[in-house]
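Heads up, the thing below is written out as structure tokens.
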Amino acid sequence: MALIVQKYGGTSVGSPERIQAVADRIITWREQGDDVVVVVSAMSGETNRLLNLISAIDTKGSKREQDVIISTGEQVTIGLLCLALESKQCAAKSYTGAQVKVLTDQSHGKARIVDIDSAKIHADLQTGHVVVVAGFQGVDDSGSITTLGRGGSDTTAVALAVALKADECQIYTDVDGVYTTDPRMVPEAQHITKLSLEEMLELASQGSKVLQIRAVEFAHKYNMPIRVLSSFDHGVKGRSTLVTAEEEVMEKVVVRGIAFNRDEAQLTISGVPDQPGVAFKILGPIAEANIEVDMIVQNAGTDQLTDFTFTVHRNDYTQAHDILCALSDTMGARGCSGDNRIAKVSIVGVGMRSHAGVAKDMFQCLANEGINIRMISTSEIKVSVVVDEKYLELAVRSLHEAFGLDQAI
Ligand code: ASP
Ligand code: MG
């Protein structure tokens, strides 16, 4: 007997029929003797509908009140799912985040979970209930409703699994797992049966959209295995991907997968004095404007001058560009420039730790295709490059083939 936490995303609970199907699936798990705690998202499209209602009144209004509104979608699905379970003779009980309680900090719209009180859930499990918890929401220490950011139900599920010491956190979605790259771009992409949490963390941070980054961070920190499955599979235990501790993953391939991200923009300030404090002078004002920086490259200085290049989210491009050009004037730099038509491609795999030359193979592959690399960054288990956006697809396809990822293993 195991304790499992299951999360069903918006499309999985997108209609009354889908909710009935989810209830049937939960009952099958129960019948195997497992204890089940379920986290649900709002019905697909609902959170956007609520956000549109907010826009129709005032987008700049109180974040506290916005959270009151956008947290309601999940309250509807927990109730509907419990009704469906009960109509099928399965005892069930729903909780909002505040009722559990999922205690968060006060950053409305992007709150972080601080603590989860699992006492009520344990008691309900003991009396044979399926417990259904609203994802994406919590409550701060003053009692205000908070939300965790888009896609936050994944984080609720992982955090609950950790708090309950569950055996596994299952994320049901509309795909049956993690692939070597996005199959919509590369039809030859292969399904991955098992990968490490660290690999998933890199893939998610480099652009893979299957799991929310924060959820993977949480799972990695507490070593909670995540299984990604499709709620559209007919069998209850269809194909899935297990994301787990590295020791559990026998197959240490060099490159596990390729992630990409089109949401970036590149900025350069050139001819700045090569002296202590420059990086701080440049990136300080960017950070103060709440703009997150991803890659950073500073050239080796010549003639006491250096160039500084970094990437930001494309939505922040104009603002970052304005800040940088103003800085360029005050610092007496040679100039500032930027490009918001770039994309980042990353290869990820724990096997890279013990294999030299992976970066070289990547660069050779891109060179063969005539693709210019504009920036490079590496970690122990990842190599990322920035290329012109128009070459993104070609880069992903050729790397996928060059590293043999289109071959089933
Ligand atoms: N309903 C929320 C959203 O659409 C949370 C979630 O689905 O995970 O972002
Ligand atoms: Mg979602």
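All ligand and atom numbering here is 1-based and tracks the order in the structure.
In the model, Glu198 has no side-chain atom that pairs as donor or acceptor with a side-chain atom of Ser196 under 3.5 Å. Judged purely by distance below 3.5 Å, without hydrogens or angles, the side chains of Glu168 and Gln170 pair a donor atom with an acceptor atom.
Checked against a 3.5 angstrom limit, the closest N/O atoms of Gly151 and ligand 1 fall inside it. For Asp154, no nitrogen or oxygen atom sits less than 3.5 Å from a nitrogen or oxygen atom of ligand 1, counting backbone and side chain alike. Checked by distance only, ligand 1 and Ser153 come closer than 3.5 Å through their nitrogen or oxygen atoms.
Within the 3.5 Å criterion, the main-chain N or O of Val255 finds no donor-acceptor partner in the side chain of His355. In this structure, Gln190 contributes its side chain and Thr180 its backbone to no donor-acceptor pair below 3.5 Å.
Using a 4.0 Å cut-off between charged nitrogen and carboxylate oxygen, Arg374 and Asp388 count as a salt-bridge pair.
Using a 4.0 Å cutoff on heavy atoms, Gly73 does not count as a contact of ligand 1. The closest approach between Gly135 and ligand 1 stays at or above 4.0 Å for every heavy atom of the residue.
Residue contact check: Arg150 has heavy atoms under 4.0 Å from atoms 3 (C), 4 (O), 9 (O) of ligand 1. Close approach of ligand 1 to Glu74 is summarised as follows: ligand atoms under 4.0 Å from at least one heavy atom of the residue are 1 (N), 2 (C), 5 (C).
Tested against Val385, the residues Lys344, Met362, Met295, Met375 include a single side-chain contact (heavy atoms from CB on, under 4.5 Å) partner, Met362.
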